[in-house]
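First comes the structure, then the notes that go with it.
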2 protein chains.
Amino acid sequence: MAQPVNFGPLAHQPAYRLVSEKIRHAIISGDIEAGELLPTETDLAEQFGVTRSTVREAIRLLEHVGILGRADRKRLVVTRPGTEAIGRSVSAAMLMHRVTFEELWQVAMGLEPLAGKLACLSATDAEKQLLADNLVRTREVMADHDALLEVEIEFHNLVAEATHNNALLLARAPLNELFYPAWGAVIRALSPGERILVAHQHVYDAICAGDQEKAEEWMEKHMRDFRRGIEMGNLGFEQPVQG
Amino acid sequence: MAQPVNFGPLAHQPAYRLVSEKIRHAIISGDIEAGELLPTETDLAEQFGVTRSTVREAIRLLEHVGILGRADRKRLVVTRPGTEAIGRSVSAAMLMHRVTFEELWQVAMGLEPLAGKLACLSATDAEKQLLADNLVRTREVMADHDALLEVEIEFHNLVAEATHNNALLLARAPLNELFYPAWGAVIRALSPGERILVAHQHVYDAICAGDQEKAEEWMEKHMRDFRRGIEMGNLGFEQPVQG
DNA sequence: ATTGACATATTGTCGGACAATATGTCAGCA
DNA sequence: TGCTGACATATTGTCCGACAATATGTCAAT
């Protein structure tokens with residue numbers, strides 16, 4: 001029996017998407033470097049043969065992803081999406097998927113110890129110094145829950161940055177965003193300042209000594225502590241994270 | 001001396017951003033469920049007290065991130081950003097950051113073995129069956145480079161899905177996108193069909209047996225093979241990945 | 001129940017308009 | 001010279017109104 005011909009739906013992309021794709025392609029293919037200014041909307045409209053409104057919609061499409069930004073609230077500029085932009089999108093996606101703490105924690109268990117390990121190989125003296133400063137401040141604010149949360153988050157970010165691995169930085173971007181409130185709750189509930197400091201100290205020592213195993217191991221311990229904190233504080237380890 | 005008052009630049013957000021934020025907030029806070037239809041553009045324009053053009057720009061802002069999509073090329077619908085949408089944004093970001101294979105591989109070494117391990121705990125019979133089917137097909141197409149690439153990628157996706165961990169799925173989304181071409185190059189250069197099959201087989205066995213350590217270990221071996229493939233094929237392990 | 005004709009709703013695109021604001025130019029003045 | 005202020009210009013944000021293409025709903029005819 002002859003298969004009835006199956007015409008796939010002919011994909012008539014709206015113009016604003018085509019324009020958006022063209023610009024996007026020009027950007028990620030490197031034709032336009034990050035930091036370069038884009039032509040004005042009117043120019044683009046002429047070049048593509050569409051109206052300014054259409055160009056504007058195309059631009060908006062790229063704006064929230066972080067590929068395009070504004071230089072001085074006027075001219076459009078090509079930007080590298082930073083961890084903030086990526087963190088926003090991905091964590092929004094995770095929220096909508098009702099990701100639980102457990103799921104998130106499992107990912108963190110894959111990435112944070114890795115960050116510790118890699119930092120041993122690539123941390124510069126300046127970065128080690130930043131970590132040392134962070135430790136000092138941790139000791140100072142141990143009693144202040146809010147401040148402790150700040151330095152705690154900062155420590156992890158510093159370690160991640162010390163890896164000089166942009167892929168890792170981007171991959172763990174959403175963790176920051178989503179763990180923030182939970183971590184704060186744990187700190188308020190259990191005042192684990194001392195334990196945090198000890199773990200951080202060991203990680204720092206390991207990084208300075210270039211001891212990958214130790215860094216990995218202590219990051220892991222640290223994360224397990226965090227998990228236990230959520231469980232003990234009855235914060236709902238199996239519950240979806242809250243925005 | 002009295003500090004001269006420092007007026008921060010007053011942040012006058014353009015209207016389309018405000019509208020976008022309102023909608024975005026309504027979505028991720030759960031006021032609008034995924035799958036629900038949004039009011040029409042004209043309605044939204046009235047509700048917000050702006051013109052349709054402005055609403056449209058606001059919508060575009062959310063569209064590319066994946067939280068808004070079209071139901072039937074007409075009505076707007078709230079969607080959960082899937083791995084494709086996230087993969088696109090994040091991999092674009094990674095491309096612009098000139099992420100190298102090495103960086104990417106390091107992240108994959110954090111996530112893929114983890115996926116193998118977790119899949120041991122949560123893979124359903126149906127998912128195991130899918131993996132089995134994949135293995136059969138792998139054996140069949142071992143000589144065909146393109147087809148081999150397909151099943152190889154599929155295998156990793158199946159394992160990841162078997163974890164039932166959405167956070168993990170989203171975090172590894174960009175890897176798929178970016179490794180794809182490289183993996184293909186490795187396959188074409190070295191025809192490693194046999195090695196791939198062996199590794200997959202062991203991972204599959206481990207998942208069926210619930211043997212976390214073995215699954216993790218073989219995923220790791222598999223990834224190391226991949227790394228060696230890139231190095232041996234002179235594909236530039238320290239080079240930025242190509243879009 | 002299916003088909004076809006027709007009105008309606010909604011999106012995609014266009015064109016033009018104007019206010020607010022940043023940029024560039026140039027004369028005037030210490 | 002070097003700074004200031006006035007003015008024209010360019011660019012973006014926002015609005016309005018319009019129209020074509022297409023999907024949806026209704027209703028009569030078969």
Side-chain angles (χ1 to χ4, degrees), chain A residues 4 6-24 26-27 32 34-79 85, chain B residues 4 7-27 32 34-79 85:
Chain A
N6 187 354
F7 294 104
L10 45 87
H12 171 271
Q13 292 279 53
Y16 64 86
R17 287 206 197 175
L18 296 178
V19 172
S20 153
E21 268 316 303
K22 283 245 187 190
I23 298 180
R24 174 194 165 83
I27 290 180
I32 319 180
E36 271 187 67
L37 291 170
L38 240 59
T40 68
E41 298 176 353
T42 345
D43 276 353
L44 289 172
E46 270 185 43
Q47 292 183 30
F48 286 112
V50 296
T51 32
R52 198 160 72 93
S53 328
T54 307
V55 169
R56 284 176 65 83
E57 294 193 33
I59 287 173
R60 298 300 164 256
L61 226 32
L62 302 176
E63 187 173 320
H64 215 303
V65 199
I67 293 185
L68 281 184
R70 236 162 289 316
D72 38 40
R73 163 129 119 269
K74 267 295 205 281
R75 298 295 298 274
L76 274 170
V77 68
V78 180
T79 60
Chain B
F7 295 103
L10 44 88
H12 170 271
Q13 292 280 53
Y16 65 86
R17 287 205 197 173
L18 296 178
V19 172
S20 154
E21 270 313 305
K22 285 245 185 191
I23 298 180
R24 172 193 167 84
H25 188 267
I27 290 180
I32 319 180
E36 272 188 68
L37 291 170
L38 240 60
T40 67
E41 298 176 351
T42 345
D43 276 353
L44 288 173
E46 272 185 41
Q47 291 183 31
F48 286 112
V50 296
T51 33
R52 201 159 71 93
S53 328
T54 309
V55 170
R56 283 176 66 84
E57 294 193 34
I59 286 172
R60 299 298 164 258
L61 226 31
L62 302 176
E63 190 174 318
H64 217 301
V65 198
I67 73 185
L68 279 185
R70 239 166 284 326
D72 39 40
R73 162 131 121 268
K74 266 296 204 279
R75 300 294 298 274
L76 275 169
V77 68
V78 180
T79 61

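Per chain, numbering begins at 1; letters A, B, ... match sequence-line order.
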Nearest heavy-atom neighbours spanning A:Thr79 and A:Gly66: OG1-O, 2.7 Å
Side-chain N,O (A:Tyr16) to OP1/OP2 (C:dG12) below 4.0 Å: yes
Under the criterion side-chain contact (heavy atoms from CB on, under 4.5 Å), which of B:Val19, B:Leu38, B:Val78, B:Ile67 is the partner of B:Leu62? B:Ile67
Strictly below 4.0 Å, heavy-atom distances to any atom of DNA chain C: list the hits from residues 41-52 of chain A, or just say none. A:Gly49, A:Val50, A:Thr51, A:Arg52
Determine whether B:Arg56 and A:Tyr16 make a side-chain contact, defined as any pair of heavy atoms from C-beta on separated by less than 4.5 Å. yes
With the side chain counted from C-beta on, respond yes when A:His64 and B:Arg24 share a heavy-atom pair under 4.5 Å apart, and no when they do not. yes
Only pairs at least two apart or in different chains count here, so list each salt bridge (charged side-chain N to carboxylate O under 4.0 Å, His left out) that has a residue in residues 42-53 of chain A. A:Glu41-A:Arg52
Which heavy atom of B:Leu61 sits nearest a heavy atom of A:Glu63, and at what distance? CD1-CB, 3.8 Å
Residues of residues 58-67 of chain A with a heavy atom under 4.0 Å from any atom of DNA chain D, listed by number, are A:Arg60
Within the 4.5 Å heavy-atom criterion, are A:Val55 and A:Thr42 side-chain neighbours or not? no
N/O (side chain, A:Thr54) to phosphate O (OP1/OP2, C:dC14) under 4.0 Å: yes
Output the rounded distance in Å from CD (B:Glu57) to C1' (C:dG12). 14 Å
Kindly point out which of C:dT13, C:dC14, D:dT14 is positioned nearest to the side chain of A:Arg56? D:dT14
Rounded distance in Å - CG (B:Leu37) to C1' (C:dA9): 14 Å
Taking the minimum atom-to-atom distance to the side chain of A:Ala15, which one of C:dC14, C:dT13, C:dT11 wins? C:dT13
Starting at CG of A:Leu38 and ending at C1' of D:dT11, how long is that distance when rounded to a whole Å? 14 Å
Which atom names give the shortest non-hydrogen contact between A:Glu36 and A:Val77, and what distance separates them? O-CG2, 3.3 Å
